[in-house]
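When a residue number appears, it is its place in the shown sequence, counting from 1.
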Amino acid sequence: MKIVCIGGTVANSSTTESALLLAGQAAREAGADVSHFGGAYLGVLPHYRGAGHQAGVGAELVEAVRQADGIIIAAPGYHGTVSGLVKNALDYLEDLAKDARPYLDGRAVGLIATAYGDQATMSTMMTLRAITHALRGWPTPLGATVRTSQGLFDAQGACTDARIAAQLSTVGSQVVMGARSLAGAAA
């Protein structure tokens with residue numbers, strides 16, 4: 001099983017990226033090979049098909065998703081929706097449109113929304129689910145909504161809130177379970 005993690009922010013040690021790493025670790029513990037495209041990678045992607053976009057830019061991300069059995073997406077809630085950084089990365093998946101398995105078709109997709117307020121986490125989660133459906137992906141039953149706070153993750157990346165840690169672990173393991181189920185159904 002190949003799982004691709006996409007998300008984060010341009011800030012070092014962001015809660016969003018820490019949450020994504022924890023979910024990715026759960027997927028790894030469930031037996032998956034996990035690759036990660038965090039804020040540092042996403043932050044240098046030019047606007048998809050914008051003035052700075054060139055052929056081959058973002059190819060590593062697109063190829064990883066093309067080969068993936070499942071995806072985990074983590075986005076911060078900015079002004080009640082998905083950040084432009086994460087949305088731009090997802091726009092690069094348009095390069096999969098003409099594939100035999102287009103976009104996220106037949107792939108389990110785990111979702112994580114982070115924000116300072118509950119309303120923003122929920123509206124961001126709803127947007128992530130809508131994007132996943134538009135890309136033909138299969139959202140996992142649980143999507144983690146993480147209300148950010150100072151000290152939520154320690155210096156080693158461990159989550160200090162047991163409830164949130166359990167949600168993130170569940171998202172990671174459900175992506176692997178969903179990917180295995182979808183692979184079995186396709187066989």
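Distance alone, capped at 3.5 Å, places no donor-acceptor pair between the Ser169 side chain and the Ala165 backbone. Checked by atom type and distance alone, the side chain of Arg107 never pairs as donor or acceptor with a backbone atom of Asp69 at under 3.5 Å. The backbone N or O of Gly39 sits less than 3.5 Å from a side-chain atom of Glu17, completing a donor-acceptor pair. A distance-only check finds a donor-acceptor pair linking the side chain of Gln167 to the backbone of Thr145 [under 3.5 Å]. Under a 3.5 Å cut-off, the side chain of Gln174 and the backbone N or O of Leu142 do form a donor-acceptor pair.
The two residues Ala108 and Ala179 make their nearest non-hydrogen contact at CB-N, 3.6 Å. Here the closest heavy-atom approach between residue Leu85 and residue Val10 is recorded as CD2-N, 4.0 Å. Nearest heavy atom pair, residue Met125 against residue Ala144, reads CE-O, 3.3 Å. Between Val57 and Pro46, the shortest heavy-atom contact is CG1-CD, 3.4 Å. Minimum heavy-atom separation, Arg136 to Pro102: NH1-CG, 3.0 Å. Between Val82 and Ala75, the shortest heavy-atom distance links the atoms CG1-CB, 3.9 Å.
With sequence neighbours excluded, no residue forms a salt bridge (charged side-chain N to carboxylate O under 4.0 Å, His left out) with Glu29. Scanning for side chain to side chain contact (heavy atoms under 4.5 Å, CB included) contacts around Tyr78 gives Thr9, Pro76, Ser83, with sequence neighbours left out.
The distance from atom CD1 of Ile6 to atom CD1 of Ile112, rounded to the nearest 0.5 Å, is 11.5 Å. Between atom CD1 of residue Ile73 and atom CZ of residue Arg129 there is a gap of 11.0 Å, rounded to the nearest 0.5 Å.
For the pair Lys87/Ile131, a side-chain contact is recorded, criterion being any heavy-atom separation below 4.5 Å from C-beta on. Side-chain contact between Glu94 and Tyr48 is present, with at least one heavy-atom pair separated by less than 4.5 Å. Val109 is not listed as a side-chain neighbour of Thr140, based on a closest heavy-atom distance of 4.5 Å or more. Residues Glu60 and Tyr41 form a side-chain contact, since some pair of their non-hydrogen atoms from C-beta on lies under 4.5 Å apart. Side-chain contact check for Val34 versus Cys5: some heavy-atom pair is nearer than 4.5 Å.
Few gaps surround CG on Asp154; more than 12 heavy atoms of other groups in view lie less than 6.0 Å from it. A 6.0 Å sphere centred on CE of Met126 holds no more than 12 heavy atoms belonging to other residues, nucleotides or ligands. Around the NE2 atom of His47, the shell of radius 6.0 Å holds no more than 12 heavy atoms that belong to other residues, nucleotides or ligands.
Between Tyr92 and the choices Leu90, Asn88, Leu96, the side-chain contact (heavy atoms from CB on, under 4.5 Å) rule is met once, by Asn88. Among the candidates Thr121, Leu152, Leu22, the single residue satisfying the side-chain contact (heavy atoms from CB on, under 4.5 Å) test with Val146 is Leu152.
Looking at Thr114 and Thr16, their side chains do bring a donor and an acceptor atom within 3.5 Å of each other.
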